[in-house]
Structure formats: C-alpha cells, structure tokens
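The structure appears right after this line, and notes come after that.
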Amino acid sequence: MLDVRRIRLMARMAQYEKNDIRRDMKISTYYKKDYVSLNVLVTILWITAGYGILVALFAVCYMDELLENLTVKKMIFLGGAAGGGYVLLLILYIIGASIYYRGWHNRAKQRVKKYYRDLSRLGKMEVKEKKKA
C-alpha cells in the first residue's frame with residue numbers, strides 16, 4: 001500500500017535534489033568562518049577594482065577642471081577624500097558581506113541537515129515497510 005507521508009517526503013527531497021543540493025553541499029563543506037572570509041576577500045577585491053575604475057573615470061572626465069586650479073593643498077585634499085571614501089565604502093561592504101554570507105552559510109547548512117534528516121527518516125520508513133512484508 002502507498003504511504004502518503006513517504007511519497008510527500010520523497011517528493012520534497014526530489015525537489016531539493018533537483019534545485020539546490022549542489023550549491024548547498026558546496027557551501028556546507030566549508031567552515032562558516034572560512035566561507036565568510038573567502039567571500040569577504042572576493043568582495044574586497046571587486047570593490048577595490050570597481051572603486052579604482054570609478055576614480056579613474058572621474059579623473060578623466062574632470063581632468064581639465066582638476067588641472068586648472070590644482071595646488072598641492074587641493075591635491076592632498078582630493079587624495080584624502082578619495083582614500084577616505086574608499087575606506088568608508090570598504091568598511092560598509094565588509095560588514096554587509098560578512099552578514100550576508102554568514103546567513104547564506106547558515107541557511108545552506110540547515111537545508112543540508114534537513115535533507116540528511118529526511119534521508120534517514122526515509123530509510124527508517126523502508127526498513128519498517130520491509131519488516132511488515
């Protein structure tokens with residue numbers, strides 16, 4: 001006879017296997033600290049590249065205006081403003097990426113744990129069914 005609970009469990013597991021299991025298994029193989037650190041490092045690299053391109057583009061676009069009135073004091077001020085803006089942006093992104101990737105790892109770990117728990121439950125249902133037969 002068909003067991004409705006077993007069919008629902010198998011359908012839920014098949015849906016998870018079809019969609020998310022590869023990504024979640026890949027994430028859950030890392031320790032949380034390692035996963036977060038790696039992704040924060042990647043975020044730092046991308047923010048640095050993006051900010052460098054943005055500053056270079058800004059400098060090229062406003063080159064005439066910058067060079068007309070350029071003094072040492074203004075150059076130091078612009079360098080400090082660019083550096084300060086970079087540090088502020090970097091701190092905000094590090095905090096945001098850390099929170100985001102920590103949550104992403106927690107959710108992936110929970111989904112994998114639930115999958116293994118369902119797999120164990122399914123195995124117990126099969127053993128119980130074999131004993132009945």
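Because only heavy atoms are used, hydrogens play no part in the values below, and waters and symmetry mates are left out as well, while side chains stay in.
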field: Intermediate values then yes/no, side-chain contact (heavy atoms from CB on, under 4.5 Å), Lys18 and Met13
entry: CA-CA 9 Å; Lys18 181 181 174 186; Met13 289 173 62; over 6 Å; no
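- Atom CE in Met25 sits 10.0 Å away from atom NZ in Lys109 (nearest 0.5 Å).
- Within the 4.5 Å cutoff, side-chain heavy atoms of Leu9 are placed close to those of Met125.
- The shortest side-chain heavy-atom distance between Leu78 and Leu66 falls under the 4.5 Å cut-off.
- Looking only at distances, no side-chain donor or acceptor of Tyr86 sits under 3.5 Å from a matching main-chain atom of Ala81.
- Looking only at side-chain heavy atoms (C-beta outward), Glu17 and Tyr115 come within less than 4.5 Å of each other.
- Put simply, the side chain of Leu67 reaches to within 4.5 Å of the side chain of Leu70, judged on heavy atoms.
- Within a 6.0 Å sphere centred on OH of Tyr30, other residues, nucleotides and ligands contribute 12 heavy atoms or fewer.
- Within the 4.5 Å cutoff, no side-chain heavy atoms of Ile94 are placed close to those of Thr43.
- Under a hydrophobic clustering in which Ile, Leu, Val, Met, Phe, Trp and Tyr are joined whenever their side-chain heavy atoms come within less than 4.5 Å, directly or via other members, Val36 and Val42 fall into different clusters.
- Judged by distance alone, the side chain of His105 and the main-chain N or O of Asp34 form no donor-acceptor pair under 3.5 Å.
- Taking each heavy atom of Ala108 and Ile27 in turn, the nearest pair found is CB-CG2, 3.8 Å.
- No donor-acceptor contact under 3.5 angstrom links the side chains of Tyr16 and Asp118, judged on distance only.
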- request: Please step through side-chain contact (heavy atoms from CB on, under 4.5 Å) for the pair Arg12 and Lys114, ending with a clear verdict.
  value: CA-CA 11 Å; Arg12 183 174 63 219; Lys114 183 178 182 201; 4.0 Å; yes
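- A single hydrophobic cluster is not seen to contain both Leu88 and Ile44; linkage of ILVMFWY side chains at heavy-atom distances under 4.5 Å, directly or through other members, places them apart.
- Rounded to the nearest 0.5 Å, atoms CZ (Arg6) and CG (Leu122) are 6.0 Å apart.
- Using a 30° and 60° split on the angle between ring planes, Tyr62 and Phe58 fall in the tilted class, from 30° to 60°.
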task: May I have the step-by-step check of side-chain contact (heavy atoms from CB on, under 4.5 Å) for Lys74 and Thr71, ending in yes or no?
output: CA-CA 5 Å; Lys74 285 183 181 177; Thr71 61; 3.5 Å; yes
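- No hydrogens or angles considered: nothing links the side chains of Ser28 and Tyr35 as a donor-acceptor pair under 3.5 Å.
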message: One pair to check against side-chain contact (heavy atoms from CB on, under 4.5 Å): Asp3 and Ile7. What are the steps and the verdict?
response: CA-CA 6 Å; Asp3 186 10; Ile7 293 172; 5.9 Å; no
